[in-house]
Amino acid sequence: MTNSIDANRDQDSAAFAIPLSSASATGPTVVVLATQWETSSEAGWITRQVAGALACLGTVHVVTPGGGIASVRTDGVFTVHHLGGLLRPQALVEGNVVADALAAVDRAAREQSALTGPMRPETTLLDRGLTEAWSPASGVLDDLRPDLIVLADHRNLGALAAIQRHSPTAPVALVALDDGRGHLELAEFAPVLDRADAVLAITEAERLRLEARMAARGMSAPVTRIGAPMVANSSARSEPNTWVGDSDYLFVLTDTSSEDASVQTELARLLTLRFCDRPVGIAHTDGFFAWHEGRFNDGWAIERSSDRARLMAWARVTIDLRHASLFGRDVVESLLFGTPVVVPHDSQARQHAHLGGGGLWFEGPADLTWATEALLDPALSEQLSRQGKAYAEELFGSTDRFIDRVIEACQLDVSDLPEVVRSPSAAQA
């Protein structure tokens with residue numbers, strides 16, 4: 001897998017709609033508003049990829065709160081503006097906990113309640129100081145005068161307030177980052193959707209959720225599925241991991257320690273007992289453990305993404321016991337290698353097994369062992385391998401198509417730009 005965006009643009013590949021107010025030889029000016037600028041999370045990674053796609057066309061500035069002291073720095077092709085101030089690390093977590101609680105309330109009853117809307121008391125609990133952290137962003141937007149503002153996360157009320165202070169009519173593209181937890185249905189976050197001129201979804205399931213929500217509110221902004229720029233690392237097939245061998249092993253992903261008394265750890269142990277006739281490799285947070293006939297080797301850390309890719313590429317099946325935070329990036333990568341998957345029934349990664357036909361899903365220990373055993377059948381495994389790989393390559397396996405989808409979705413009009421700008425040779429994200 002790669003974090004870079006590298007493409008030769010086809011100037012006739014898209015019809016763009018939003019005119020550029022200040023286009024120059026360097027293309028449009030785009031400002032990305034992201035609460036966190038990082039790549040460790042799926043949301044952070046895909047936000048950077050969207051920014052990278054737009055950097056193939058123009059100049060991209062990233063505005064993010066926090067950082068302690070206001071500063072501007074260069075990060076690859078991006079100029080990153082840290083707003084300064086102290087953004088509490090737990091603020092996002094606390095806000096999501098409140099949103100989870102609200103989403104659990106009967107939605108029909110809430111829509112009929114006199115307390116619906118953005119002024120209900122819970123709104124201040126959702127904020128957690130985030131709106132104040134975004135206050136300086138309006139001044140940055142005034143200085144940059146962007147042709148397009150990209151807002152990351154449909155829950156980002158603080159960034160929305162900054163946009164409105166800058167200009168109530170500036171073009172806004174929303175990277176929704178809906179994780180399927182029901183926050184999309186909350187009336188408190190509806191103003192973000194209302195403000196968007198275009199909405200970007202990563203997967204088909206997310207696109208359908210967004211379209212249903214927007215239709216229910218009578219919104220007309222188009223929703224575009226953009227996928228993600230992912231490739232199967234060809235070097236991963238050069239040699240297998242010597243601890244688990246070159247075929248027929250189970251590769252298990254968790255986000256728990258090998259010593260935790262957690263559901264994931266117990267399910268991983270169950271797999272080593274049920275399938276003791278074949279190697280089982282388990283990626284825990286404290287290392288990678290390989291089991292052979294009920295015995296295991298001491299774990300070593302998986303420090304590089306290439307190590308994880310190699311384990312997926314040679315496995316008979318990838319079993320991801322985690323609940324994907326957004327779209328299941330590791331599951332998609334496994335499918336790109338042609339390795340079928342088994343995932344929890346309530347994970348966002350289930351759509352790749354279901355819609356893509358690249359694997360099975362489980363609910364409980366019995367389901368897990370049944371699904372795993374089913375994928376050990378060579379005929380079924382081969383069929384799901386072909387289906388899953390074709391699905392992953394079509395939706396996620398092309399950087400060129402990703403760039404096209406992002407630029408088309410953002411509706412930028414580049415008709416008056418020089419050809420060298422409309423067809424840039426490369427951009428590094």
Side-chain angles (χ1 to χ4, degrees), residues 180 203-205 240-241 243-285 288-296 308 311-325 327-392:
T203 65
E204 182 67 8
N241 180 291
W243 280 27
V244 285
D246 60 1
S247 64
D248 286 339
Y249 65 86
L250 313 180
F251 180 46
V252 184
L253 290 166
T254 79
D255 53 18
T256 62
S257 166
S258 61
E259 301 297 328
D260 284 351
S262 64
V263 172
Q264 288 185 36
T265 299
E266 293 303 318
L267 289 176
R269 290 172 180 165
L270 171 64
L271 290 170
T272 66
L273 297 174
R274 172 61 183 82
F275 300 100
C276 59
D277 58 335
R278 66 182 64 243
V280 179
I282 305 174
H284 283 296
T285 56
F288 176 74
F289 300 83
W291 290 76
H292 295 269
E293 298 180 350
R295 300 188 302 270
F296 78 96
R308 184 178 301 238
L311 288 163
M312 289 180 181
W314 290 88
R316 169 59 69 90
V317 57
T318 296
I319 304 166
D320 194 345
L321 299 177
R322 305 166 301 174
H323 286 75
S325 60
F327 70 98
R329 182 180 167 193
D330 288 327
V331 167
V332 173
E333 184 175 17
S334 181
L335 296 179
L336 285 169
F337 283 117
T339 304
V341 297
V342 175
V343 297
H345 74 103
D346 53 354
S347 169
Q348 288 299 304
R350 173 179 170 173
Q351 61 185 298
H352 308 311
H354 185 196
L355 299 177
L360 301 172
W361 52 95
F362 69 92
E363 183 177 2
D367 266 1
L368 172 61
T369 56
W370 176 87
T372 303
E373 184 172 12
L375 285 181
L376 295 179
D377 175 74
L380 180 60
S381 178
E382 183 178 350
Q383 176 185 344
L384 298 190
S385 171
R386 289 195 306 269
Q387 293 175 178
K389 186 174 183 179
Y391 159 85

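Between Thr256 and Thr285, the closest side-chain pair of non-hydrogen atoms is not below 4.5 Å. A 4.5 Å side-chain heavy-atom check between Leu250 and Thr372 finds at least one atom pair inside the cut-off. For the pair Val252/Val280, a side-chain contact is recorded, criterion being any heavy-atom separation below 4.5 Å from C-beta on. Contact check for Val341 versus Met312: no side-chain heavy atoms found under the 4.5 Å cut-off. In this structure, the side chains of Ser257 and Thr265 stay at 4.5 Å or more apart for every pair of heavy atoms. Side-chain atoms of Pro344 and Trp361, non-hydrogen and from C-beta on, never get closer than 4.5 Å to each other.
A distance of 7.0 Å separates OG1 of Thr203 from CD of Gln348, quoted to the nearest 0.5 Å. With rounding to the nearest 0.5 angstrom, the CG atom of Asp255 is 8.5 Å from the CG atom of Asp320. Atom CD of Gln383 and atom CG of Leu375 lie 10.5 Å apart (nearest 0.5 Å). Note that OG of Ser334 and CG of Leu311 are 11.0 Å apart. Values are rounded to the nearest 0.5 Å.
Screening residues 359-378 for salt bridge (charged side-chain N to carboxylate O under 4.0 Å, His left out) gives Arg274-Glu373 as the qualifying pairs, with residues at least two apart or on separate chains. Listed by first then second residue, pairs satisfying salt bridge (charged side-chain N to carboxylate O under 4.0 Å, His left out) with a partner in residues 257-272 read Glu266-Arg269, not counting sequence neighbours.
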Inset, instruction - Show the numbers, then the answer: is there a side-chain contact (heavy atoms from CB on, under 4.5 Å) between Trp291 and Ile282? - result: CA-CA 8 Å; Trp291 290 76; Ile282 305 174; 3.8 Å; yes
Inset, instruction - Please test His345 against Arg350 for side-chain contact (heavy atoms from CB on, under 4.5 Å), starting from the C-alpha separation and ending with a verdict. - result: CA-CA 6 Å; His345 74 103; Arg350 173 179 170 173; 4.0 Å; yes
Inset, instruction - Could you go through the side-chain contact (heavy atoms from CB on, under 4.5 Å) check for Thr339 and Arg316 one step at a time? - result: CA-CA 6 Å; Thr339 304; Arg316 169 59 69 90; over 6 Å; no
Inset, instruction - Please step through side chain to side chain donor-acceptor pair (under 3.5 Å) for the pair His284 and Thr254, ending with a clear verdict. - result: CA-CA 5 Å; His284 283 296; Thr254 79; 3.0 Å; yes
Inset, instruction - List the steps, then state whether side-chain contact (heavy atoms from CB on, under 4.5 Å) holds for Val342 with Val317. - result: CA-CA 7 Å; Val342 175; Val317 57; 4.0 Å; yes
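Around the NE2 atom of His354, the shell of radius 6.0 Å holds no more than 12 heavy atoms that belong to other residues, nucleotides or ligands.
Residues Phe251 and Ala283 come closest through the heavy atom pair CE1-CB, 4.2 Å. Nearest heavy atom pair, residue Ala374 against residue Leu380, reads O-CD2, 3.4 Å. The shortest heavy-atom contact between Leu376 and Arg278 is CD1-NE, 3.5 Å. The two residues Leu368 and Phe362 make their nearest non-hydrogen contact at N-CB, 3.5 Å. The two atoms that bring Leu321 and Ala268 nearest to each other are CD1-N, 3.9 Å, heavy atoms only. Minimum heavy-atom separation, Ala371 to Leu360: O-CD1, 3.7 Å.
The distance between the ring centers of His352 and Tyr391 falls below 6.0 angstrom.
Remark: Arg329 does not engage Glu333 in a salt bridge, criterion side-chain N to carboxylate O under 4.0 Å.
Arg308 meets the salt bridge (Lys or Arg N to Asp or Glu O under 4.0 Å) test with Asp330; sequence neighbours excluded.
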